[in-house]
Amino acid sequence: MSQRSVLIIYTGGTIGMWADPRTGALRPMDLEHLEEQVPELERIGVKLGSVAFPEPIDSSDMRPADWVRVARIIGEHYDRYDGFVVLHGSDTMAYTASALSFLLEGLAKPVVLTGSQLPIGTIRTDARENLITAIEIAAAWENGRPVVPEVAVYFEYSLYRGNRTVKVHAERFEAFRSPNHPRLAEAGVHIRYDRHAILPLRPGPLKVHTAVDDHVGVLRLFPGIRPDWVRHALATPDLRAVVLTTFGSGNGPTEAAFLDTLREAVGRGVLLVNTTQCIGGRVEQGRYLTSRAFVDMGILSAHDMTVEAAVTKLMFLLGQGYGDGPLRERFLQPLCGEMSAG
Ligand code: ASP
C-alpha cells in the first residue's frame, strides 16, 4: 500500500502559541517551530505537507474570509493529498468546522480540525496527542476509501462531526461535545470508528464555495428582554437573517410588544430562525403556546442544529444568492449531516 499523505493547514490557536517572556501573554508561533516541538511526526508513516496562514491568529479573530481561505487551500491541494488536518484555536473551531462543511460541497476526503487547550511546548500539553491522532485519522483509508470522508473535529480522544460540535469547556482538555450526534470515533489503544455515525462517501467532484454573506445576527432571549432593545438589534441596516436562541424546545415570551418587533422584522424581509439555548435536543415550534406565534409569523425551526451550524449555514446560503422561498427550503434540508432528518 502506498504511503498516505496529509496536508497540515496551520491557522493559529493555542496549539502553536508560546508565552512572550516580556508580557507573559500567549502569542502564535510559526509552523516550523511548531513542527520542531513534535519530532514524532518524522516517524508517523504519513507523508506530510504544510501550509500556514502568514500570520497565525487566535481563533477569536477568525472571520468568514478566513473560512474561505482554508476552504480554498483545501481545494488547491485536494488532488495531491489523501486528507487534511486544520490546526485551529478551539474557541471558534465549531464555527469554522461548520462553515467548511458547507463550503466544501462534494467533499470525499477527511478534513480534521484540531487544536489544544495548552500550547504544544508546555509539559502537560494535550497538543501532541491531538495532532498525531488527527493526522492518523486524516490518513485512514480502507478498501480504497477514506474512513472519514467529512469535516470532523478531533479533541481529547474523541472525533466528532464538525458541524455538530459545540465548545463546552474553557479549561478541560475534553473541550467539545456533539450533543445531537454520536461520536464518529473514540481513540484508545485503537481508534474505534462508529461507521453508522460517519457520513457515507458522497459523489464528487469537490466544489469549493467562496461566497459568504455575513449580514446575519444572533439574538439570545432572556427573561425580561426589552422589546426596544430587540427592535434596535433587528433594525440593523442590511440585516438579512437572525438566529434566535430561545428557551427549551423553542419557546419565547408571548408579550405582544416583543412579538411585534419580530413581526416587523419579518415584514421587512429579515429571515428569522429558531434555535434552542439548550445544549442538546431540538426545537419543536408549536408544542407550547409560547412558540405558537413563531410558527404563525413564518420563523423557521432549526430543529437540532447547533447555533454554530445555523449561523454558518445561513451565511453560506445567503452567499449563494437564493431568493426567500428556495432559501427557506434549503435551510430546512440537511446539506451535510448538520441536522437530523425529519
Ligand atoms: N484563544 C485560543 C483560540 O481559540 C484558545 C484555543 O486555541 O484553545 O485561538
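Worth knowing before you read on, the calculation uses all heavy atoms, side chains too, and leaves out hydrogens, waters and symmetry mates. Atoms within a ligand are numbered from 1 in the order they appear, just like the ligands themselves. All values derive from a computational prediction rather than experimental measurement.
- Each of the following atoms of ligand 1 lies closer than 4.0 Å to a heavy atom of Gly13: 7 (O), 9 (O).
- Using a 30° and 60° split on the angle between ring planes, Tyr78 and Phe84 fall in the parallel class, below 30°.
- Residue pairs meeting the side-chain hydrogen bond (donor to acceptor under 3.5 Å, both in side chains) criterion with at least one partner in residues 325-336, sequence neighbours excluded, are Tyr322-Arg330, Asp324-Arg328, Arg330-Gln333.
- Atom 4 (O) of ligand 1 has its closest protein heavy atom at Ser59 OG, 2.5 Å.
- Residues Arg63 and Thr92 bring no donor and acceptor atom of their side chains to less than 3.5 Å of each other.
- Taking 4.0 Å as the cut-off, Ser116 counts as a neighbour of ligand 1 on heavy-atom distance.
- Ionic pairing of Arg231 and Asp228 is not present here: no N-O contact between side-chain nitrogen and carboxylate oxygen is shorter than 4.0 angstrom.
- Distance from atom 6 (C) of ligand 1 to its nearest protein heavy atom, with residue and atom name: Thr14 OG1, 2.9 Å.
- Aromatic ring pairs are classed by plane angle as parallel below 30°, tilted from 30° to 60° and perpendicular above 60°; the pair Phe316 and His209 is perpendicular.
- Closest to atom 8 (O) of ligand 1 among all protein heavy atoms lies Ser90 OG, 2.4 Å.
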